[in-house]
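In what follows, a structure is listed as structure tokens, so that the remarks can point back to it.
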Amino acid sequence: MSAPVGIAEIEAARGRIASLVRRTDMVVSDSLTERIGLPVHLKLEHQQITGSFKLRGASNAVAVLSGEERAAGVVAVSTGNHGRALAHAAKVAGSRAVICMSSLVPQVKIDAIEALGAEARIGGASQDEAQREVDRLVRDEGMTLVPPFDDPRVVAGQGTLGLEVVEDLPEVATVLVQLSGGGLLAGVAAAVKARRPEAKVIGVSMRRGAAMHASLEAGKPVEVEELPTLADSLGGGIGLDNRVTFGMVRDLVDGVVLLSEAEIAEGMRHCYWRERQIVEGAGAVGVAALLAGKVQSDGPVVAILSGCNIDMAQHFDVLSGRLPEEPGGADG
Ligand SMILES: *Cc1c(COP(=O)(O)O)cnc(C)c1O
């Protein structure tokens, strides 16, 4: 079976979202270049509108809706970057967005979603109950579910980032891509490998609760225990009924690097002090993998800074060297 998303879908997505998302800059990191001994480029995607690449996939998903679907609106379960992105994309399209969340979600996150013009629907004490409300809105109100990663429209949108990387650095040898549900990696790998087949695409996850890595090892989607991590945007499972991203990641990825919390913190500190960039934990993992000496490449490397949505008090704590406790020792 051929991949559900290929270069044609990614090119089509790019045409649809060109006026809706930023074409973010890519810059040379002098300090990482010196440290690694290879040219290192940073794709500044944390400067994307809404603070993460998730706007690419969400914008593409909204752009392909029929007039009738757009009038009924879109719905998702996400308090994080996908929820923000979908709220923004729907508002720009003049569509309604409902973001369902559990009652455990802190008020600041609810406020952020509402500030972007979406309705926050608080239901139940768990993610599962929030999901049931989504199912009801789809069934009874004809709303369209936009999943955070396991969806061809979303993967194609994320893939537009990969096109920009190869255009800006045609000689790229290795691309380091954040890996959680795999929407970003599947899309970027499909684009990069279509344009430059010899380039390697490496996934980077936190060691704590790396669901895609565990699934690749098991040969099928599996669940892992979800643990608190600095890279909170990389948390969560890939779905036991995963349809799109598991197979694409399995077929396209050249390797996966796992990082400790201390290594992720080091990446965030480097981004701030040396690159002058404020990134969230997930956004820093590519840089962290380079700093930890966990990446081999035979040519220029690209690390994506994928997002900037972090509580600034927490960011300050990380800069100051204050880390949450790690059960199981410093390398946990
Ligand atoms: C969602 C997200 C990721 C992971 O993307 P997947 O498509 O789920 O693998 C990485 N970084 C940030 C900032 C994110 O919001």
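The figures that follow rest on heavy atoms only: side chains count, while hydrogens, waters and symmetry mates do not. When a ligand or atom number is given, it counts from 1 through the structure's own listing order. Each residue takes its place number in the sequence, starting with 1.
The protein heavy atom nearest to atom 8 (O) of ligand 1 is G181 N, 3.0 Å. For atom 1 (C) of ligand 1, the closest non-hydrogen atom of the protein is K54 NZ, 1.3 Å. Scanning the protein heavy atoms around atom 5 (O) of ligand 1, the nearest turns out to be F53 CZ, 3.4 Å. When hydrogens are left out, the protein atom nearest atom 12 (C) of ligand 1 is S306 OG, 3.4 Å; that is the closest non-hydrogen contact.
I264 and L258 fall into different hydrophobic clusters, where Ile, Leu, Val, Met, Phe, Trp and Tyr are joined by side-chain heavy atoms under 4.5 Å apart, directly or via other members.
Ligand-side atoms of ligand 1 in range of S180: 4 (C), 8 (O), 9 (O), range being under 4.0 angstrom from any heavy atom. Atom numbering of ligand 1 starts at 1 in the shown order; those under 4.0 Å from a heavy atom of G183 are 6 (P), 7 (O), 9 (O). Near A282, meaning under 4.0 Å from one of its heavy atoms, ligand 1 places the atoms 11 (N). The L234 neighbourhood of ligand 1 comprises atoms 3 (C), 4 (C), 10 (C), with distances under 4.0 Å to a heavy atom of that residue. Close contacts of ligand 1 with E280, meaning ligand atoms under 4.0 Å from a residue heavy atom, involve 13 (C).
Ion pair E141/R121 not flagged as a salt bridge, since none of the NZ, NE, NH1 or NH2 atoms sits closer than 4.0 Å to an Asp/Glu carboxylate oxygen. The pair R274-E34 does not count as a salt bridge, with every side-chain nitrogen at least 4.0 angstrom from each carboxylate oxygen. For R22 and E164, the salt-bridge test fails: no basic side-chain N is under 4.0 Å from an acidic carboxylate O. The existence of a salt bridge linking R208 and E225 is excluded, since no basic side-chain nitrogen approaches an acidic carboxylate oxygen closer than 4.0 Å.
Between S52 and ligand 1, no pair of N/O atoms sits closer than 3.5 Å. Note: an N/O pair closer than 3.5 Å links N81 and ligand 1 by distance alone. Not one N or O of G307 is nearer than 3.5 Å to an N or O of ligand 1, by distance alone. At least one N or O atom of L184 sits closer than 3.5 Å to an N or O atom of ligand 1.
The closest approach between a heavy atom of G182 and any atom of ligand 1 is below 4.0 Å.
Looking only at atom types and distance, the side chain of T24 has no donor-acceptor partner in the side chain of Q48 under 3.5 Å away. In this structure, a donor-acceptor pair under 3.5 Å is absent between the side chains of S102 and E129. Side-chain atoms of R16 and N60 include a donor-acceptor pair closer than 3.5 Å.
Side-chain atoms of Q178 come within 3.5 Å of backbone atoms of I304 as a donor-acceptor pair (strictly under, hydrogens ignored).
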